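Have a look at the structure below, then the notes.
Each chain gets a letter, A, B and so on, in the order the sequences are listed, and its residues count up from 1. Note that the structure is predicted; figures quoted are calculated from it, not measured.
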Amino acid sequence: MFDITLRVNGVLRQASVPGRRLLSDCLRHDLGLTGTHVGCEHGVCGCCTVLLDGEPVRSCLTFAVTVDGREITTVEGLAGPGGELSPVQRAFAECHGLQCGFCTPGFLCTATALLRDNPSPSEEDVLEGLSGNLCRCTGYQNIVKAVHRAAELIAEESR
Amino acid sequence: MKPPPFDYHAPRDLGEALAALAEAGPDGKVLAGGQSLIPLLNMRLAAPARLIDINRVAGLDTLSAGPEGVRAGALARHARVERSAEAAAVQPLLRRALRLVAHPVIRNRGTVVGSLVHADPAAELPAVLALLGGSVRLAAAGGAERDVPAAEFFTGPMESAVRPGELAVSAFFPALPPGSGVSFRELARRHGDYALAGVAVLVTPAAARVACIGVGPVPIVVDVTEQAAAGDWAAAAQAVRERVEPEEDIHASADYRRHLAGVLAGQALRDAAREAETTGVRHHA
Ligand SMILES: Cc1cc2nc3c(=O)[nH]c(=O)nc-3n(C[C@H](O)[C@H](O)[C@H](O)COP(=O)(O)OP(=O)(O)OC[C@H]3O[C@@H](n4cnc5c(N)ncnc54)[C@H](O)[C@@H]3O)c2cc1C
Ligand code: FES
Ligand code: FES
């Protein structure tokens, strides 16, 4: 077993894990953060996407020990300190960017990083950015709309 | 599913990593970006007794571009190489190929060297290395480093020249010669998937080559210098169709893959020849 420390959503968290513990399972089972969802465990569906030092990565394709000492942001960490939804979260709600919500944590993390790196993405940029996330409910149209809407919200709020 | 148990090592420097690999021998496996190995572990298609995680090894996270070419260290992630303006200026094919590798999120973790060692017959980067005549540098405990040329590096589907106990420390991609053009074209069922078939193409003032993926056990390099010199793209495509060795699977028939390789080669050769003309003009000016 390895004793690891992760800074998750700004809070230092410790866990004792075997080498084979996936970051997704560490977050969900060891740390009780079940917002990160697990669909396929082979990198295809994207619903386990979290931010590692700000960069979106598949938590199902990362061992928890590998990222000992690093900073993780999960869907639970996207809202503001008082629980107010982030612009990306609000845009998803406003545009009906989710139905069952299973894929949503991954889309939210991916879109949050996408808009940070590219605040006014083209249609093409959004499609490419979201291409690694699967949704079985919405048909994607409203998710794409939500990302464009989130870009507007972020721009308005930073004025 | 979950990965089977293994002994985990996280060496801090190259010496420690090589010692751990030497001790593990055939039981050891290197963990780089994990974007190919961890799916295999999760599906229990691989069960190495020991995992040597190189993510903390100092000195492997390197990328350098010079007049000779681009050298990527073992921890240079796809995303970093893709974004590097210096690398793109020296060898534009790298960025173009990387944009076809998986999805941006996978590229944040996956490494260029890992993709070469993994040697998937449908992967883009092995074709780039083979097309350009690049090489992979291997290190082992107590021995000198050796550079293995691309033509000897890919030995079979998912098989490379890396021996047990060896670590691939870097890969070298030669620069684009003046007056040359490159192109990468592929067809995949879904964006980001491994391609059904694809081609990387290089056209220089002296030669024209096509490297094909998804249509053989390793990237298949076809010399089409003669056909290209005559501007006979149909003959070049025919030469490609004759050389490839596609197999049928649930995604596509062998005939369809052969057909695709020819069509893509024709298109990519035209792209690259056009680019060679424009860069050639600029070099003469
Ligand atoms: C959903 C999905 C889609 C993908 N689509 C594509 C695609 O379209 N095209 C494509 O090319 N790839 C694709 N990939 C694979 C991706 O590019 C991987 O990143 C890459 O193949 C392996 O790099 P890695 O650093 O992740 O290697 P790892 O997974 O860590 O290792 C892969 C293999 O190489 C060995 N290895 C790695 N580094 C070294 C080293 N330095 N020395 C010795 N051995 C080493 C490991 O032991 C292992 O056997 C996809 C992956 C996923 C999950
Ligand atoms: S659970 Fe990680 S990508 Fe599907
Ligand atoms: S909302 Fe159900 S999978 Fe996307």
Could you state the interatomic distance from CD1 (B/I213) to OH (B/Y194), rounded to the nearest 0.5 Å? 9.5 Å

To the nearest 0.5 Å, what is the distance between OG1 (B/T111) and CD (B/Q35)? 9.5 Å

Let me know if A/D25 has heavy atoms under 4.5 Å from chain B in its side chain, its backbone, both or neither. side chain

If one checks every heavy atom of A/V65 against chain B at 4.5 Å, the contacting part turns out to be both

Quick one: do the A/R13 and A/T5 side chains pair a donor with an acceptor below 3.5 Å? no

Verify, without hydrogens or angle tests, whether A/D125 (side chain) and A/S122 (backbone) share a donor-acceptor contact under 3.5 angstrom. yes

Contact origin within B/L51 toward chain A - heavy atom pairs under 4.5 Å: side chain

At what distance, to the nearest 0.5 angstrom, does SG of A/C48 lie from CG of A/L61? 6.5 Å

Pick whichever of A/R58, A/R20, A/E55 has the most heavy-atom pairs under 4.5 Å with chain B. A/R20

Could you tell me which of A/P56, A/G132, A/G129, A/G43 has the largest number of non-hydrogen atom pairs under 4.5 Å with chain B? A/P56

Identify which part of B/R56 has an atom lying under 4.5 Å from any heavy atom of chain A, answering side chain, backbone, both or neither. side chain

If you count heavy-atom pairs under 4.5 Å between each of A/T66, A/T110, A/V67 and chain B, which one has the most? A/T66

Chain B: which of A/G19, A/P18, A/S131 shares the most heavy-atom pairs with it under 4.5 Å? A/S131

Run B/V199 and B/E186 through side chain to side chain contact (heavy atoms under 4.5 Å, CB included) and show every step you take. CA-CA 6 Å; B/V199 296; B/E186 66 174 38; over 6 Å; no

Against chain B, label A/L52 side chain, backbone, both or neither, depending on which of its atoms sit under 4.5 Å from a heavy atom there. side chain

Does the ring center of A/F63 lie less than 6.0 Å from the ring center of A/F2? no

Side chain / backbone / both / neither for B/L41 at chain A, heavy atoms under 4.5 Å: side chain

